[in-house]
Amino acid sequence: MWALVSLDAVLADIRACRACADQLPHEPRPVVRVFPETQLLICGQAPGNRVHQSGIPFTDPSGDRLRAWMGVDYDRFYGDRRLGVAAMAFCFPGTNPKGGDYPPPRRCADLWRKPLLAQLPRMELTLLVGSYAQAWALGDRAKGTMTDTVASWQEYLPHLLPMPHPSWRNTAWLKRNPWFEDEVVPYLRERTRLILK
Ligand code: SF4
């Protein structure tokens, strides 16, 4: 009961957070979705504009590809409390005129990541989606590039699984690195199935 109340308190504090208000071009809208039952946590970069509008993580084409990789449908993804989503930053950082979104503000992980993770006692697997999540979680254990870190995925098991971001921007990366969908995705799908069975 204490852990449940505590998680509620951390989530309430996160949803009320406006720490980046003076740096964002819009009102902060923290998006995070975790539960006391969460066992598989998806740790991406930061919400994009579509998620900023919906307030629900991965309601976009990246989410469609991620769900396909995991082998879960839309209803399961949002209906099973054993799945959680907590990106490196909870607010949309804005669109960079040079392309893509701005990086997640580091302040968010500094403020919230440890208190939030401390309230998830049933965690079994964290998906480190993209280089920001990998750098934070792996520290010196991350390789020199995201590709090398993902290629070394077996080093980080059983609790951490580095992955590329499922964004369409990584479609060329996926074509260049077919081993990811041949080897890592089947493992991800099986771990997801075992956690959700
Ligand atoms: S990105 Fe994180 S630290 Fe910044 S306002 Fe949003 S919740 Fe707060």
Side-chain angles (χ1 to χ4, degrees), residues 2-66 77-78 81-123 125-139 142 146 149 159-170:
W2 181 87
L4 191 153
V5 170
S6 240
L7 177 59
D8 281 348
V10 173
L11 288 172
D13 286 347
I14 290 172
R15 290 183 177 122
C17 180
R18 295 295 180 270
C20 303
D22 58 348
Q23 294 170 7
L24 298 177
H26 46 259
E27 174 75 9
R29 187 183 193 190
V31 177
V32 56
R33 184 181 174 89
V34 296
F35 307 95
E37 299 92 337
T38 293
Q39 291 173 253
L40 193 166
L41 185 69
I42 301 157
C43 177
Q45 182 164 316
N49 195 24
R50 284 174 71 160
V51 171
H52 176 64
Q53 303 298 331
S54 73
I56 302 170
F58 286 110
T59 50
D60 55 13
S62 293
D64 293 338
R65 180 180 265 166
L66 177 64
F77 191 82
Y78 293 110
R81 291 161 64 99
R82 290 171 293 187
L83 294 178
V85 181
M88 290 307 294
F90 300 132
C91 298
F92 172 45
T95 303
N96 186 336
K98 294 179 184 164
D101 293 343
Y102 286 114
R106 168 84 204 190
R107 165 192 285 164
C108 196
D110 291 344
L111 277 174
W112 297 119
R113 202 127 199 98
K114 285 184 180 169
L116 182 66
L117 297 184
Q119 300 306 324
L120 301 176
R122 300 183 62 186
M123 282 295 307
L125 176 65
T126 301
L127 308 185
L128 303 175
V129 181
S131 56
Y132 292 98
Q134 290 158 21
W136 190 89
L138 300 177
M146 189 276 289
T149 300
H159 299 300
L160 301 171
L161 182 63
M163 304 166 48
H165 197 280
S167 162
W168 62 269
R169 293 177 184 280
N170 277 336

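All values below were derived from every heavy atom in this structure, side-chain atoms included, with hydrogens, water molecules and symmetry-related copies excluded. Remember, it's 1-based here, ligands and their atoms both numbered in the order they're listed.
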Ring pair (Phe, Tyr, Trp, His ring centres under 6.0 Å) partners of Tyr78, counting only residues at least two apart: Tyr74

How long is the gap from [atom1] on [X] to [atom2] on [Y], to the nearest 0.5 Å?
X      : Y      : atom1 : atom2 : result
Leu128 : Met146 : CG    : CE    : 12.0 Å
Cys43  : Leu160 : SG    : CG    : 10.0 Å
Arg65  : Asp60  : CZ    : CG    : 11.5 Å
Leu24  : Tyr102 : CG    : OH    : 11.0 Å

query: Taking only protein atoms, how many N, O or S atoms are found under 2.8 Å from atom 4 (Fe) of ligand 1?
result: 1

message: Can you tell me how the ring of Phe92 sits relative to the ring of His26, calling it parallel under 30°, perpendicular over 60° and tilted otherwise?
response: parallel

